[in-house]
Amino acid sequence: MMDQAVAVIAVDGPSGSGKGTICQRIAAVLGFHYLDSGALYRLLALAARRHKVPLEDVEDLSVLAEHMDISFRMNADGDHPEVILEGEDVTAQIRTEEVGAGASKVAAIPAVRTALLSRQRAFATAPGLVADGRDMGTVVFPDARVKIFLTASAEERARRRYNQLIGKGESVSLPGLIEQVRARDERDTRREVSPLIPAEGAEVVDTTGVDIEQVVETVLKIVRNAGISTYRV
Ligand code: C5P
């Protein structure tokens with residue numbers, strides 16, 4: 001059972017909206033736990049590959065989703081979370097394009113989403129949780145104290161991705177990425193299970209042309225207005 005007294009801040013939005021960075025900052029300021037729900041879908045895709053479970057095998061995927069041995073911990077410098085699968089640090093491995101594509105496939109399977117529900121809810125422990133994803137406010141934490149939908153224009157999100165990939169030494173085309181982002185938005189907002197839409201009552205925050213510090217300030221203001229103290233004791 002979810003502890004109703006635990007404050008949950010549900011943050012949803014598309015990739016490239018700045019969710020990950022912003023949620024980690026908010027969690028650090030509040031001293032709250034942080035759930036990167038996308039990492040769970042990525043972990044499942046990686047675990048499936050390791051255990052040779054085809055991404056079409058709904059039954060075995062659901063069993064794996066329920067039982068896979070995963071954990072999160074802060075790195076030694078305490079500045080970013082590490083993701084552990086069966087005792088092994090897979091933080092970098094789950095970020096590859098291949099695992100991302102697998103994650104998006106498994107995320108479209110209703111039985112997988114159901115199997116991951118209780119695992120996600122288990123992160124809501126005292127003093128509170130910042131939950132980052134696509135359906136945090138709509139499905140996983142419908143009673144969240146604060147719901148935020150972070151977004152940015154397709155061009156801006158594509159530009160952020162472009163800079164990331166160029167930074168990794170990959171050669172990519174910006175117009176191609178803009179097309180990809182638009183196509184993914186279309187798929188994500190129209191899919192039947194957990195479509196990517198703002199939860200009822202969510203505050204929509206557009207990060208286009210706004211720097212991270214300002215977005216963090218805006219989100220903290222929303223959090224304070226909801227009666228959650230932003231001063232750690
Ligand atoms: O956010 P991230 O890119 O890590 O998410 C990986 C995949 O998991 C995405 O394709 C996304 O559609 C899916 N996902 C989801 N629901 C969530 C979080 C992620 O369907 N709450």
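Residue numbers start at 1 and run along the sequence shown. Atoms within a ligand are numbered from 1 in the order they appear, just like the ligands themselves.
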Using a strict 4.0 Å cut-off to heavy atoms of [X], name the atoms of ligand 1 that fall inside it.
X	answer
M136	21 (N)
A107	13 (C), 20 (O)
G133	21 (N)

Please list the nearest protein heavy atom to [atom] with its residue and the distance rounded to 0.1 Å.
atom	answer
atom 8 (O) of ligand 1	Y41 CB, 3.6 Å
atom 7 (C) of ligand 1	A103 CB, 3.8 Å
atom 18 (C) of ligand 1	S37 OG, 3.5 Å
atom 12 (O) of ligand 1	R191 NH1, 3.8 Å
atom 4 (O) of ligand 1	R42 NE, 2.6 Å
atom 20 (O) of ligand 1	R113 NH1, 2.8 Å
atom 10 (O) of ligand 1	S104 CB, 3.1 Å
atom 5 (O) of ligand 1	G38 CA, 3.6 Å

State whether R95 and D36 are salt-bridged, where the test is any N-O pair (Lys NZ or Arg NE/NH1/NH2 against Asp/Glu carboxylate O) under 4.0 Å. yes

Whether K221 and E217 form a salt bridge (side-chain N of Lys/Arg under 4.0 Å from carboxylate O of Asp/Glu) is what I want to check. no

Check whether any N or O atom of R134, backbone or side chain, sits under 3.5 Å from an N or O atom of ligand 1, and answer yes or no. yes

Is there at least one pair of N or O atoms, one from D135 and one from ligand 1, spaced under 3.5 Å apart? yes

Under a single-linkage definition using a 4.5 Å side-chain heavy-atom cutoff for Ile, Leu, Val, Met, Phe, Trp and Tyr, are F149 and V205 assigned to the same hydrophobic cluster? no

Looking at side-chain heavy atoms only, is the closest gap between [X] and [Y] below 4.5 Å?
X	Y	result
R182	E155	yes
R49	E98	yes
I94	L43	yes
V139	R113	no
D185	R157	yes

Test of understanding: given a 4.0 Å heavy-atom threshold, classify the contact between [X] and ligand 1 as side chain, backbone, both, or neither.
X	value
K105	neither
R184	neither
S15	neither

Looking at ligand 1, does R95 have a heavy atom less than 4.0 Å from it? yes

Heavy-atom contact under 4.0 Å between Q120 and ligand 1? no

If every non-hydrogen atom of Q120 is compared with every non-hydrogen atom of F141, which pair is closest and at what distance? O-CZ, 3.5 Å

Test V112 against every option in L55, V193, L44 by the side-chain contact (heavy atoms from CB on, under 4.5 Å) rule and name the one that passes. L44

E192 atom CD, neighbour heavy-atom count above 12 within 6.0 Å: no

